[in-house]
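Written out below as structure tokens is the structure these notes cover.
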Amino acid sequence: MNITIEGNSVAVEAGATCADALALGLSGKRFKASVAARAGDALLDLSAPVPDGCTALGAVLLDSDEGLDILRHSAAHVMATAVQRLFPKARVTIGPAIDNGFYYDFDPPRPFTQDDFAAIETEMRHIAKAAEPFVRREVSKEEAIRFFEEKGESYKVEIIREIEADTVSLYDLAEFTDLCRGPHLPNSGFVKAAKLLSVAGAYWRGDEKNKMLSRIYGTAFADEAALTKYLHHIEEAKRRDHRKLGRELDLFDFHEEVAPGMVFWHPKGMLVRTILEDFLRKEHLKRGYELVQGPQLLRRELWEKSGHYANYRENMYFTEIEGDAYGVKPMNCLAHMLIYGSALRSYRELPVRYAELGVVHRHEKSGVLHGLLRVRQFTQDDAHIICTPDQLEDEIISVIRLVRDLFSLFGFSYKLGVATRPDKSIGSDEAWELATDALIKALEKLNLPFVINEKDGAFYGPKIDCRVTDSLDREWQCSTIQCDFTLPERFDLVYVGQDGERHRPVMVHRAILGSLERFIGILIEHCAGAFPTWLAPLQARVVTVTENHDRYAQKVSDTLRSKGLRVDADLRNEKLGYKVRAAQMEKIPYVLVVGEKELESGGVNVRLRGGDTIGFKTLAEVESLIRADCEEPFKQEGMNYRFS
RNA sequence: GCCGCCUUGGCUCAGUUGGUAGAGCGGCUGAUUCGUAAUCAGCAGAUCGUCAGUUCAAAUCUGACAGGCGGCUCCA
């Protein structure tokens, strides 16, 4: 039969393998770099026969995304084989490839530790060196179950029992056989640049009621150079860790023993926060929001009425005074609804948009806390939009616009997802449909790419989530836009329509940056501590050459401060180079050097954060330079934010 | 909460087989008066996370607890 191999038509004998076919159609070099074959959407082992009716085959190269995926999946098998040799009693479970690597979950007699890595890696190298072939076999379910039962591999048996097909595929690698869909590398010889990275506990099937397994994470690359580069990248990313930079730049800290998961903002960090908050308030007012604020404590009865007490009690803080029980708010919606409900509203008032930088407390489990990214007390840039069903889509569009504008202002890339109705949910089908449609249509109208996260919505309504990544590529949710039909019902929110009748409004909960703490944490990592000039706690530092220039430096600093710029002066008795270095490490955008020449001519010598010296400038020039720098990001957004 | 690891001056880290603590940075003082990423010297600063236990003797060994780190589950 004739098939096309990447554009070349070749004649293939019946019973030929994918490798045979590719060898005919590819250059020798390309063939050698191939680790699997592609037929349409399917990936096949090179050793697999060319499928019946197949008319075209492509090569999957080792260093392509798909090739790396296969490499890492195969590396997981190599690791499992090594573990089986060293720890015969360790039962195996699953071991997939993931972004940047792979893992394998084991149920060992004792959990693995990093100290086991050396031995496992050595064994993995032996297996790689032996270039053991991966051999695929199709067997009946019964046969597979019998096979794994004999080996005592109960987890595998459990998985196989749930597979619907009549047959399953097994892969042999040396003496280790694993249930696996494949495809795999032709042999283990390709797994030469692999490294084990960490151990972790992981629940069997991700359910915390199940047994905790011992997971080993590792990674593998096409060659040693790529692996070294990746490991270097990880090291580099750790330098950007907001927890490290927060301490080094004196932005914030934690006092774990007295308030785990709660931030202590130092002056510089608080300044960044304050500037950000001021900007957010102005931007919200500009976009038709009204600012409100509710109390931190609300009577327990209210939380019972809202359903939070029933569903969320474990995560709430409670207090009691003079026999009255209060709950510390974990969210801001209730106060906003009470404000809405304080008067009978007309349809003419809608949409109502209440915004609050609301401080909330959530008692997160101790193991999940993570610097600023996961805390127990945080501030949401929260708002609740109460509108008619007709207004819903337009409201959502403007919220998404705000998300888009703010995230591009900071230069973040983000991923949007629409979470649809979960199995456990309340509300009518029409309401769900109306809201889900509104969310999707809004995203489509703005031409923003998004994914659908099936059944991932809140129990009271669908939502749009926006996720951004930290320096180590971990994803964190920031924006959330949630439609809610429950609370307006429970709190009997109404508006008087044109017809004089009372109607039920729709409510949208939305946060754009999400939590200010989390957002600032990610921002720190994003800019490696070098905040954009409009947010930098110090925009410029005057640095003297000798103490003869102290008075002049102080005058320069005072003058610029009086213009509203954030400036200080380093008058320490140190060499210029020392103070320049200090300013550089504090990531101050502008260093203004003053010495004899500047004293005489009445200006400063400007050095930029990046290291460039742009030379002599008058103070007026410096002022407009810094202002222009502040306004630059806003021009791109068409926000025209002024710094005066 | 669960699994593994970790906790020594403000920070980063040494501390060999148990014999009651060291360095660099930072801070302070003095000398130096210097032109774009570290001038020199001196001084101060630690009941080694907490509480028990083993021991003649514990930073070091054991246990519990509290935090932290990496994951899991959860979540903004």
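Chain letters run A, B, ... following the sequence lines, proteins first and then strands; every chain starts at 1.
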Sub-3.5 Å pairs of nitrogen or oxygen atoms, protein against nucleotides 9-13 of chain B:
unit_1 : atom_1 : unit_2   : atom_2 : d
B:C11  : O3'    : A:Arg247 : NE     : 3.4
B:U12  : OP1    : A:Arg247 : NH2    : 3.0

What N/O pairs connect the protein and nucleotides 45-52 of chain B at under 3.5 Å? Give each pair on its own line.
none

Anything under 3.5 Å between a donor and an acceptor, one on a side chain of residues 92-102 of chain A, the other on a protein residue two or more places apart or in another chain? List them.
unit_1  : atom_1 : unit_2   : atom_2 : d
A:Thr93 : OG1    : A:Asp105 : O      : 2.6

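Under the ring pair (Phe, Tyr, Trp, His ring centres under 6.0 Å) criterion, A:Tyr354 pairs with no residue, sequence neighbours left out. When the ring pair (Phe, Tyr, Trp, His ring centres under 6.0 Å) test is applied to A:His284, the partners found at least two apart in sequence or on another chain are A:Tyr289. Shown here are the ring pair (Phe, Tyr, Trp, His ring centres under 6.0 Å) partners of A:Tyr103, two or more places apart in sequence or in another chain: A:Tyr217. Judged as a ring pair (Phe, Tyr, Trp, His ring centres under 6.0 Å), and not counting sequence neighbours, A:Tyr312 has no contacts.
The salt bridge (Lys or Arg N to Asp or Glu O under 4.0 Å) pairs that include a residue from residues 363-381 of chain A are A:Glu208-A:Lys365, A:Glu364-A:Arg374, where partners are two or more places apart or lie in different chains. Listed by first then second residue, pairs satisfying side chain to side chain donor-acceptor pair (under 3.5 Å) with a partner in residues 599-613 of chain A read A:Gln584-A:Arg607, not counting sequence neighbours. Listed by first and then second residue, the salt bridge (Lys or Arg N to Asp or Glu O under 4.0 Å) pairs involving residues 240-250 of chain A are A:Asp241-A:Arg243, A:Lys244-A:Glu248 (not counting sequence neighbours).
Proximity of residues 508-527 of chain A to RNA chain B (heavy atom under 4.0 angstrom from any strand atom) is restricted to A:Ser515, A:Arg518.
Side chains of A:Thr436 and A:Arg421: a donor-acceptor N/O pair is absent below 3.5 angstrom, by distance only.
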**Q.** Contact pattern, 5' to 3', of nucleotides 61-71 of chain B - B, S or - by protein heavy atom under 4.0 Å
**A.** ------SSSBB
